[in-house]
Amino acid sequence: MVSGNLLYRRKRSWRADEFVSRSTLQLLDFDDGSPPEHAWRRKLSSHANRLKEFNVTFREAIRMMKLGLRLWSYIREEASHGRKAPIDPFTREGNKPSASQGVPLGGMGSGSISRGFRGEFKHWQITPGSCEMSPVMANQFSIFVTRGGTKKYASVLSPGQLDGLKKSTDDGISSWDWKLKGDRSTYHALFPRAWTVYDGEPDPELKVSCRQISPFIPHDYQESSLPTSVFVYTLVNTGKERAKVSLLMTWANSIGGLSHHSGDHVNEPFVGKNGVSGVLLHHKTANNNPPVTFAIAACENQNVNVTVLPVFGLSGESSVTARGMWGTMVQDGSFDQDNLNTGPSMPSLLGDTVCAAVSASTWVEPHGRCAVVFALAWSSPQVKFKKGSTYYRRYTKFYGTSPRSAVNLVEDALMKYKHWEEEIDKWQTPVLQDERLPEWYKITLFNELYFLVAGGTVWIDSGSLVSDADNKSNPEESNLSHEIDDKENVGKFLYLEGIEYFMWCTYDVHFYASFALLDLFPKIELSIQRDFARAVLREDNRRVRFLADGTWGIRKVIGAVAHDLGAHDPWHELNAYNIHDTSRWKDLNPKFVLQIYRDFAATGDKSFGKDVWPAVCTAMEYMEQFDHDGDGMIENDGFPDQTYDAWTVQGVSAYCGCLWLAALQAAAALAGSLGHDDYAERCMTRFVKAKTVFEARLWNGSHFNYDSGTSYSSRSIQADQLAGQWYTASSGLPPLFDEDRIKCTLQKIFDYNVMRVKGGRMGAVNGMHPNGKVDETCMQSREIWTGVTYSLAATMLLHGMEHQAFTTAEGIYTAGWSEEGYGYWFQTPEAWTIDGHYRSLIYMRPLAIWAMQWALSPPRSILEAPKVNTMDRAHISPGTFQFLQDSVRKMTPKNGCFGNTVINLDC
């Protein structure tokens, strides 16, 4: 897809020795203790600025006032039933987001915990749809060093100026030694791993590296589901004296927020296999949510001694306080060995916070090296939705449904993490060693995958569904839990549109993000497509009020592709989104057909194609109602009837029209592959008619107009106007338009939407007037969408425009990930304005960066697809083929970017 002599060379801006001394890197370079050459880096002393959220303009506020009032009323109604509304712009977290995120912990779909680059554990998402953003400050790693009996160093391994640390009590964690300044300590991130290097902090003669490892392993559908992480500490003593080093892991019995105050929490020490010992923290959740059990542990060997303190408290009323625990570690570097035999603690009282600690102590000889390994696991076997059934998580298929499986999880993690790293290296090394690729791209490509862990993902074991018909609001829905099949044998997978947009697998956004799943976990991608294919054929007659205009309709119409798989009863109560009636949207059905064909072509899975074929036919037939004048081309209906749900479209539109053309061609290709030649011929007949209309109505000599209406914005340059062509090229199908016309359009977008916004350092603005001014028709026309920018760059790559592609995508890196940017690392938002204010952090669409990798390295099945005309694939009759050629010659507009162009049906 891309020329081999490529690409876009750039000065390396992330050299490890610019952050850590070369000598330290060499000392740590054993047992993978040294950070990699390619990684996202920050000093721990870096300022974590507050992030700035976007504001609507006065004109936009007036226009959306009625919507806002209806939405406010709906949010209150949902809250009265104890439920979270899918979209709630009015409720804000007390802890404002900051530029402090880092690589999250664990595999996919079992609840996640994020970890900031300065060491704090935050963004707790153990309960579906709930995200506790604030860090739990008692959760820390600390170090204690003694040399020769006189030199002593003790510090929490996190800077003392962290948000959330309050000097509220002398007996709490403020009594600990927060001595780390962080100016000689650095964080290095390459998802799913992260390295923190302490270069002589707090002991000038001790080099320390902490390597955080999580089991995110492409194509491994077992290990990648596990709720566990490992922390490998590499210690190097550069001094002349023997050093006793004790590392301490402390953990609160909490799932974030104020959950630790709810009472009845129990801590319990355990001794496992292979030298593993630690503490279980049994957490009784509030609001009747399923319980959670944490395990913190370390591995003992001939060089490392592990001891535990099963319970300590944060107040003076506790039998062992945080201050007392810290004093013991400073004095002894370990706890009483008999603590491992104390059994479960008494349940905690209401309002108390109970914590646990695991210490691992070792001696490091002068100029010697040593490794100490900790593990964390959280076992929450059940997933319970507010209105639906209870399910068992995917990992229970391998570890059982007991909360005590946390012990087995940490045991296995401590034994298998080296194998995880070998598999991660096999996956990442070919990209990292590709000298053709810019360094920022390699790093951002992997780090954007954070969303598949931290994006509220839920992965269930479909063989162990726990039906709860009594909870169903509609008795007819009570049997649906038994209809969920699992032909891919990987369970069922959900991920949120975004942390602020509580809807599962939002399909118009999945259209962009799905390249990541298709490339790395194709069976999950096929499973999601099967879910939507079944939904196409379903109807749900329950009445829903659409908040944009106040009208009423039914929740799900047969033939319409679902907007999402629901919120509080996924798979059964579809379409949690209720701003617009999405059964009238023009992009969802074409996006479904395009994704089906791409996935079919990429995997070569004939059974998948046959299974979803009825849904493809139904989805295509449903779209015929939107061809109001019978010319083969669909029309938009004068409201925001597509993924840009605040941006009105009228008549034939570049975005939806191009998607429709691509869907017709994809449907024809799929039909031909499955032997439905008559259907393929009908699709291609319509394709040629619709294409002629599309170009005649929208082509203006340099790009396709936004729509065929008469408004001021109708001639705008939309960054996403070639979305259909993007999918066409990604699927190995012939181009929709003449190649010169495609490149002309892409160049226009690059020159205007990219380069005229701060010199290309922000990404592509959605709408730009031909006079070079940003289209401020609405909130979304003036925004830069991160995922759309990545998909635009992928389209450029597919058409040989490498320089423009990487310049375009680098704008997202510069504004979002670089040190000079706005601080959106590991929380990439849906959008930002030209002044850098965000909308909707931690969003699904930026996974579209994997569409760039798809363009750079398409699968063999796409590369080896026969390069024939779709007409030939469809077995169109000679008479029909001649009619189509004649029609194109008569109706094709003559004006073109590079002079007269001719559409060649034999491309």
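A quick note: this is a predicted structure, and the numbers were derived from the prediction, not measured.
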Query raised in the report: Would Met762 and Val757 count as a side chain to side chain contact (heavy atoms under 4.5 Å, CB included) if you check the C-alpha gap in whole Å, the side-chain angles of each, and the deciding distance to 0.1 Å?
Result: CA-CA 7 Å; Met762 296 287 291; Val757 180; 4.0 Å; yes
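Side-chain N or O atoms of Thr728 include none that pairs as donor or acceptor with a backbone N or O of Pro735 at under 3.5 Å. The closest donor-acceptor contact from the side chain of Tyr822 to the backbone of Tyr838 lies at 3.5 Å or more, if one exists at all. Not one N or O on the side chain of Glu830 forms a donor-acceptor pair closer than 3.5 Å with the backbone of Ser840. The backbone N or O of Ala602 lies less than 3.5 Å from a partner atom in the side chain of Ser861, making a donor-acceptor pair. The closest donor-acceptor contact from the side chain of Tyr507 to the backbone of Leu565 lies at 3.5 Å or more, if one exists at all.
Here the options are Trp832, Trp647, Tyr644, Tyr790, the test is ring pair (Phe, Tyr, Trp, His ring centres under 6.0 Å), and the partner is Trp785; only Tyr644 passes. Each of Gln780, His563, His580 was checked for a side-chain hydrogen bond (donor to acceptor under 3.5 Å, both in side chains) with Asp645, and the lone residue meeting it is Gln780. Each of Asp775, Thr777, Asn766, Asn753 was evaluated against Ser716; a single residue qualifies, Asp775, per the side-chain hydrogen bond (donor to acceptor under 3.5 Å, both in side chains) test.
The pair Lys586-Asp641 meets the salt-bridge criterion, since a charged nitrogen lies less than 4.0 angstrom from a carboxylate oxygen. In this structure, Arg756 does not pair ionically with Asp751, as no charged nitrogen and carboxylate oxygen lie closer than 4.0 Å. Salt bridge annotation for Arg697-Asp631: present, with a cationic side-chain nitrogen under 4.0 angstrom from a carboxylate oxygen.
Shown here are the side chain to side chain contact (heavy atoms under 4.5 Å, CB included) partners of Ala562, two or more places apart in sequence or in another chain: Phe532, Ala535, Lys556, Leu574, Asn575. Residues passing the side chain to side chain contact (heavy atoms under 4.5 Å, CB included) test with Asp599 are Leu518, Glu525, Leu526, Gln529, Phe608, sequence neighbours excluded. With sequence neighbours left out, Ser708 forms a side chain to side chain donor-acceptor pair (under 3.5 Å) with no residue at all. Not counting sequence neighbours, the partners of Met801 by the side chain to side chain contact (heavy atoms under 4.5 Å, CB included) test are Lys743, Leu746, Gln747, Met796, Gln804. Every ring-ring contact (aromatic ring centres under 6.0 Å, His included) that Tyr727 has, sequence neighbours left out, goes to Phe511, Phe515.
Under 3.5 Å, the side chains of Ser714 and Asp707 contain a donor-acceptor pair of N or O atoms. Side-chain contact annotation: Trp817 with Glu810, donor-acceptor N/O pair under 3.5 Å absent. Side-chain contact check for His703 and Gln721: no donor-acceptor pair (N or O, by modelled atom type) lies under 3.5 Å. Inspection of the Thr828 and Glu448 side chains reveals an N or O donor paired with an N or O acceptor under 3.5 Å.
In this structure, Lys691 fails the cation-pi test against Phe687, since its NZ or CZ atom is not both closer than 6.0 Å to the six-membered ring centre and inside 45 degrees of the ring normal.
For Tyr813 and Tyr441, the ring centers are positioned 6.0 Å apart or more.
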For residues 496-505, which side-chain donor-acceptor pairs fall under 3.5 Å, sequence neighbours excluded?
residue	atom	partner	partner atom	Å
Glu497	OE1	Thr506	OG1	2.9
Glu497	OE2	Tyr843	OH	2.6
Glu500	OE2	Leu841	N	3.2
Tyr501	OH	Arg839	NH1	2.9
Trp504	NE1	Ala567	O	2.9

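Atom CG of Leu674 has more than 12 heavy atoms from other residues, nucleotides or ligands within 6.0 Å.
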